[in-house]
Amino acid sequence: MKKWSQWLMPGLDGALISSRYNKGYLTGLFSSRGVILLTQEEITLVVDSRYAQEQAKRYPYDQIVVAENWKETLAAIRIWSMANQLDRIGFEGNQLDYNRGKDLETGIPAVWISKDFSKHRAQKQASEIEKMRQAAAIAERAYGRLLKEIRIGMTELEIEGCLLNLIREEGGRKESFPPVVVSGERGAYPHGSATDRVVEAGDFVTLDFGAIYQGYCSDLTRTFRMQGRANRELENIYGIVARAQRAGIQAAKAGEKIGGVDAAARRVIEEAGYGAYFVHNTGHGVGLEVHEYPSVSPANEDVLMENMVITVEPGIYLPGIGGVRLEENIRIGKDGAELLSSGKTELKCVGGE
């Protein structure tokens, strides 16, 4: 069986792959350029001349067609579809812009069916899991060093800059996304970017960050507090969020509904009286992309599969006061979840004058 055969879902006799990460997963072409065309028997690359020679050495395509622009690419797709007598072709409707999608539908005599092919990357190989374990370890080491350097009076931007430098020093090719750095009352912003706000005594600080190792991402969130008198409600909330996270991790098992992970974590927060302040899903898949299938949301009725890698990241956010979020990366196993990150949840108190 060809490696890509599973990508031709029931009802499809061909597929057009255009997303950078799906192309990279299949053949190593991590580029926005070019498309990959699949049938049950053949894999074809359509790409401009800058990439054709290198790709011919990198992957055993059945055919490489050189196309320097979209017009030529469209013509190649038309020839491919007619030569293979394809009636129903899957494409990544969430990746192509509107005009190019219309070009396919009006210029090529086939039924075009939008599919999320990234689902085929959800179950990770052992080598992928190990790379994500290393990506998490890099981020963890950088965070551990950061806590020793943070001082009251630093700005969020200074903390961010220090964290990014440490990720590289610890072996990360780069960060897996622009980090979230929020302190004090800004902790109520789940995805707040760093500002020139000065971190003060007693502040709670939340960092959402990750590293890339050999192409694979980690995604961690840590909340800590600065030395000094802290908000007692936030200290209490920290314990609630930690319990919610443990409940979500314990619910994560192959064969269980994905929505059950969200429900388990959310139940702890709701029973503590803070349900209205948990304003996002409990997690998401992670891999080549920092946000992948599946969404760990209340409405997701899909089933967890062995060797999926997901995040579990409950949070509580109080407007005008601050917030707490904790996030771990886990591998789904038959008998439960395996932590790929540390899972340490004690509230750390750091910094000084």
Side-chain angles (χ1 to χ4, degrees), residues 133 135-152 154 156 159-160 162-163 166-167 170 179-184 186-188 190 199-211 218-252 261 264-269 271-274 277-278 280 282-283 310-318 321-331 336-353:
R133 196 190 312 276
I138 288 167
E140 296 269 23
R141 291 196 301 269
Y143 174 69
R145 290 177 60 187
L146 178 72
L147 292 183
K148 297 176 182 178
E149 299 188 21
I150 289 176
R151 294 292 181 269
I152 293 168
M154 292 178 70
E156 293 173 346
I159 294 171
E160 177 188 63
C162 184
L163 175 61
L166 290 170
I167 285 172
E170 289 298 333
V180 170
V181 183
V182 287
S183 61
R186 297 190 71 250
V199 175
E200 301 174 350
D203 275 352
F204 273 62
V205 181
T206 296
L207 306 179
D208 189 345
F209 60 101
S218 58
D219 185 5
L220 309 177
T221 303
R222 301 288 183 261
T223 299
F224 57 92
R225 75 172 183 86
M226 305 303 295
Q227 291 182 2
R229 186 174 181 178
N231 183 291
R232 296 297 296 274
E233 186 174 20
L234 290 177
E235 289 183 325
N236 179 56
I237 282 172
Y238 189 98
I240 296 167
V241 171
R243 293 199 304 274
Q245 186 187 64
R246 287 194 294 272
I249 292 171
Q250 290 169 1
V261 176
R266 197 171 298 275
R267 187 178 305 115
V268 173
I269 293 174
E271 289 177 353
Y274 289 97
Y277 303 101
F278 181 13
H280 53 72
T282 295
I310 64 172
T311 68
V312 180
E313 50 179 306
I316 296 174
Y317 312 93
L318 303 180
I321 298 174
V324 173
R325 179 165 72 254
L326 299 172
E327 178 180 19
E328 302 294 340
N329 300 169
I330 63 173
R331 179 192 70 85
E338 174 195 5
L339 283 163
L340 300 183
S341 47
S342 71
K344 296 178 180 178
T345 58
E346 68 275 12
L347 176 60
K348 293 185 178 295
C349 180
V350 304
E353 298 294 344

Any idea which heavy atoms bring [X] and [Y] closest together, and the distance?
X      : Y      : value
Leu146 : Leu163 : CD1-N, 4.0 Å
Ser218 : Ala135 : OG-O, 3.0 Å
Leu147 : Lys348 : CD1-CD, 3.3 Å
Pro179 : Phe209 : CB-CB, 4.2 Å
Val241 : Pro314 : CG1-O, 3.4 Å
Pro190 : His280 : CB-CD2, 4.3 Å

Please tell me if the side chains of Met154 and Met226 come closer than 4.5 Å, counting only heavy atoms from C-beta onward.
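No, too far: nothing below the 4.5 Å cut-off.
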| message | What I'd like to find out is whether the side chain of Val199 reaches to under 4.5 Å of the side chain of Ile150, using heavy atoms alone. | response |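 Val199 vs Ile150: side chains apart.
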Set of residues satisfying side-chain hydrogen bond (donor to acceptor under 3.5 Å, both in side chains) with respect to [X], sequence neighbours excluded:
X      : result
Glu140 : Arg222, Ser342
Arg246 : none
Asp203 : Arg197
Gln245 : none

Side-chain donor or acceptor of [X] paired with backbone N/O of [Y] under 3.5 Å:
X      : Y      : value
Glu328 : Gly343 : yes
Tyr238 : Thr345 : yes
Gln227 : Gly351 : yes
Arg325 : Thr206 : no

According to side-chain contact (heavy atoms from CB on, under 4.5 Å), who are the partners of [X], at least two apart in sequence or on a separate chain?
X      : value
Glu149 : Cys162, Leu166
Ala251 : Ala264
Ile321 : Asn231, Glu233, Leu234, Leu318
Arg266 : Asp262, Glu270, Phe278, Thr282, Pro298

Quick one: [atom1] on [X] to [atom2] on [Y], what's the gap to the nearest 0.5 Å?
X      : Y      : atom1 : atom2 : answer
Leu347 : Leu326 : CG    : CG    : 9.0 Å
Thr221 : Tyr143 : OG1   : OH    : 10.5 Å
Ile240 : Tyr274 : CD1   : OH    : 5.5 Å
Tyr277 : Ile269 : OH    : CD1   : 13.0 Å
Leu220 : Thr311 : CG    : OG1   : 10.0 Å
Glu156 : Leu207 : CD    : CG    : 9.5 Å

*For residues 234-245, pull every pair meeting salt bridge (charged side-chain N to carboxylate O under 4.0 Å, His left out), keeping only residues two or more places apart or in separate chains.*
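Qualifying pairs: Arg225-Glu235, Arg232-Glu235.
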Set of salt bridge (charged side-chain N to carboxylate O under 4.0 Å, His left out) partners for Glu327, sequence neighbours left out: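 In terms of salt bridge (charged side-chain N to carboxylate O under 4.0 Å, His left out), with neighbours along the sequence ignored, Glu327 is linked to no residue.
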Pairing residues for Lys344 by the salt bridge (charged side-chain N to carboxylate O under 4.0 Å, His left out) criterion, not counting sequence neighbours: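 So Lys344 forms no salt bridge (charged side-chain N to carboxylate O under 4.0 Å, His left out) with any residue.
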Going by ring-ring contact (aromatic ring centres under 6.0 Å, His included), name the residues that satisfy it together with Phe204, two or more places apart in sequence or in a different chain.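 Listed in chain order: nothing, the list is empty.
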